[in-house]
Amino acid sequence: MVEILIAAFLILMVTGVPIAFALAMAAFAAVAISGRYPMVVVVKEMFTGLDSFPLLAVPFFILAAEIMSTGAISRMLLRFAAQFVGHLRGGLGYANILTGTLFAGISGSALASAAGPGAMMARMMERSGYSKAYAGALTISVAVIDPIIPPSITMIIYALQDRNVSVGSLFMAGILPGLLIAGLLAGVNWHISRRRGYRSEDERPSAGQMLRNSVAALPALLLIVLIVGGIRGGLFTPTEASVVAVFYAILVSAFVYRGFSLADLWGAFLRSAIMSVAVLMILAAARAFAWVLIIEGVPQAMADAVIAMNLSPLAFLLMVNVLLLFFGMFMDPLPGVMILVPILAPIAHSLGIAADHFAIVVIVNLTFGLMTPPVGSLIFVVASATKQRPSALIRELPPFFLAALVSLLVLTFVPALSTWLPRIGGFAP
């Protein structure tokens with residue numbers, strides 16, 4: 001069954017079948033050809049994969065991100081970020097990074113971040129003299145931060161696959177890694193802006209103007225505190241936090257910034273519904289795919305093989321990094337988490353690797369797949385939003401790939417970056 005499953009999946013992917021359909025059809029093929037189980041079991045597993053209360057957070061966080069992208073919240077965050085760095089050499093690049101990092105704290109979807117405030121920043125950079133391809137490549141790289149800094153849809157899915165972690169602990173664990181990646185991207189922007197002469201013509205705002213911009217952005221910034229602080233303080237669960245985020249985003253957009261109409265709300269509902277269906281279809285299909293692997297004993301066989309190799313924890317993490325970097329080139333993070341975490345997490349726990357540390361290494365690694373060809377979703381989203389060829393963006397991405405690899409190595413070798421905040425936050429011993 002496993003050979004049929006893998007072969008069918010690869011054939012379908014090569015022929016251009018969307019990932020959700022490729023996963024589901026491969027599972028159906030494996031069950032049908034083997035004849036050992038009734039076909040209905042695949043459908044049952046797909047429904048079981050969606051029968052989870054925490055999964056309700058996924059469509060609500062997607063909706064919150066769409067409302068914030070449509071309303072004035074993203075513009076306020078952009079103005080707030082630009083006032084601190086916009087006047088520097090490469091200032092709009094820094095503003096792109098800072099805005100994306102702030103938006104990550106109130107979103108949870110890399111695609112929503114790239115298509116919303118990211119595309120807005122890319123157009124501003126182009127008008128200010130930056131290379132169109134460079135602006136797009138930077139936007140792709142910044143959007144990768146979104147699933148790492150809480151709230152994160154990927155972290156919610158991961159917590160459903162590994163009972164040794166909670167959504168709250170993963171949310172805390174992702175903060176420092178996300179900031180590390182943002183810092184390394186800023187270093188890349190500094191180097192390229194200096195080499196290419198990307199200068200800012202804007203002057204630094206006066207202290208009074210900066211104060212007014214900061215006050216205006218305060219309602220948007222409070223959403224970050226509301227989500228993370230509310231979960232940490234026990235006021236609500238991550239699922240409830242996603243609903244709070246939606247209502248808060250509507251109230252702030254409509255009544256504080258007054259730039260949000262019923263037509264905008266309807267558009268946000270429509271776009272988030274389409275994206276939510278796509279995400280949930282992938283999760284359902286990935287559940288069926290993973291079921292075939294589990295029922296055939298693949299996780300246990302892999303665990304026995306790795307244990308027989310007598311690897312140290314660090315050697316195991318480096319091997320996992322190589323595997324996931326390759327895996328991420330062909331599959332998005334969500335199905336990657338659904339399929340690989342039930343296999344790899346038990347091995348990591350048996351080797352004594354901290355659960356939050358391993359989770360962050362896996363999530364960061366698979367998230368980088370969003371910016372790696374040939375399947376990298378962010379490349380095509382930004383190419384469409386900025387009206388340029390994906391190949392032009394790919395040519396500008398190597399320095400950002402290097403920054404991503406450096407951050408991954410740092411996170412692998414320094415577990416405290418992933419475990420310190422959950423520990424002081426009371427989520428881990």
Side-chain angles (χ1 to χ4, degrees), residues 1-52 54-55 58 154 156-164 276-309 311 316 319-320 322-350 358 362 365-366 369 374-375 377:
M1 283 181 69
V2 174
E3 289 83 353
I4 297 169
L5 181 79
I6 301 300
F9 175 69
L10 292 177
I11 292 170
L12 291 166
M13 286 289 291
V14 169
T15 54
V17 175
I19 182 70
F21 293 100
L23 289 167
M25 291 168 68
F28 274 114
V31 172
I33 295 174
S34 72
R36 291 165 51 190
Y37 304 96
M39 294 285 286
V40 72
V41 74
V42 178
V43 179
K44 171 186 172 296
E45 288 300 320
M46 292 179 70
F47 276 94
T48 301
L50 300 181
D51 185 16
S52 171
L55 273 184
V58 173
T154 307
I156 295 170
I157 304 305
Y158 188 103
L160 293 175
Q161 309 307 311
D162 184 0
R163 296 183 181 276
N164 291 282
S276 297
V277 169
V279 169
L280 294 175
M281 283 181 65
I282 290 173
L283 295 179
R287 167 69 184 228
F289 189 96
W291 175 83
V292 176
L293 295 176
I294 293 169
I295 205 70
E296 289 297 296
V298 172
Q300 187 58 48
M302 288 189 65
D304 293 340
V306 172
I307 292 171
M309 295 169 67
L311 294 174
F316 172 72
M319 184 184 74
V320 166
V322 174
L323 170 67
L324 296 185
L325 284 172
F326 176 78
F327 192 89
M329 293 174 63
F330 302 98
M331 188 171 289
D332 285 345
L334 295 183
V337 167
M338 293 279 289
I339 294 168
L340 294 177
V341 170
I343 298 173
L344 298 175
I347 304 173
H349 302 329
S350 70
F358 184 72
V362 170
N365 205 318
L366 288 174
V375 178
S377 304

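Keep in mind that what you see is a predicted model, and the values were worked out from it rather than measured. Quick note: numbers below take in every heavy atom, side chains included, and nothing from hydrogens, waters or symmetry partners.
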Between [atom1] on residue [X] and [atom2] on residue [Y], distance to nearest 0.5 Å:
X	Y	atom1	atom2	value
Ile6	Ile11	CD1	CD1	11.5 Å
His349	Phe358	NE2	CZ	7.5 Å
Gln161	Tyr158	CD	OH	9.5 Å

Strictly by side chain to side chain donor-acceptor pair (under 3.5 Å), give each pair with a member in [range] just once, sequence neighbours left out.
range	result
residues 283-295	Glu45-Arg287
residues 334-344	none
residues 325-347	Asp332-Ser377

* Where Phe327 and Gly336 come nearest, the two heavy atoms and their spacing ->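 Nearest heavy atoms, Phe327 then Gly336: CE2-CA, 3.5 Å.
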My understanding is that only residues two or more places apart in sequence, or in another chain, count here; which of them pass side-chain contact (heavy atoms from CB on, under 4.5 Å) with [X]?
X	result
Ile282	Ile19, Ala20, Pro335
Leu55	Leu50, Ser52, Val58, Ile157, Leu160, Leu283
Leu293	Val2, Leu5, Phe289, Val298, Ile339, Ile343

* Among Val362, Leu324, Asn365, find the residue that satisfies the side chain to side chain contact (heavy atoms under 4.5 Å, CB included) test when tested with Leu340. =>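 Filter result, single survivor: Leu324.
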Any pair counted as salt bridge (Lys or Arg N to Asp or Glu O under 4.0 Å), so long as it reaches [range], sequence neighbours left out:
range	answer
residues 334-343	none
residues 9-24	none
residues 4-31	none
residues 3-24	none

Under 3.5 Å, which donor-acceptor pairs do the side chains of residues 21-41 form with other protein atoms, sequence neighbours left out?
from: Ser34; atom 1: OG; to: Ala30; atom 2: O; distance (Å): 3.1
from: Ser34; atom 1: OG; to: Val31; atom 2: O; distance (Å): 3.1
from: Ser34; atom 1: OG; to: Arg36; atom 2: N; distance (Å): 3.4
from: Arg36; atom 1: NH1; to: Glu296; atom 2: OE1; distance (Å): 3.4
from: Arg36; atom 1: NH1; to: Glu296; atom 2: OE2; distance (Å): 3.0
from: Arg36; atom 1: NH2; to: Glu296; atom 2: OE2; distance (Å): 3.1

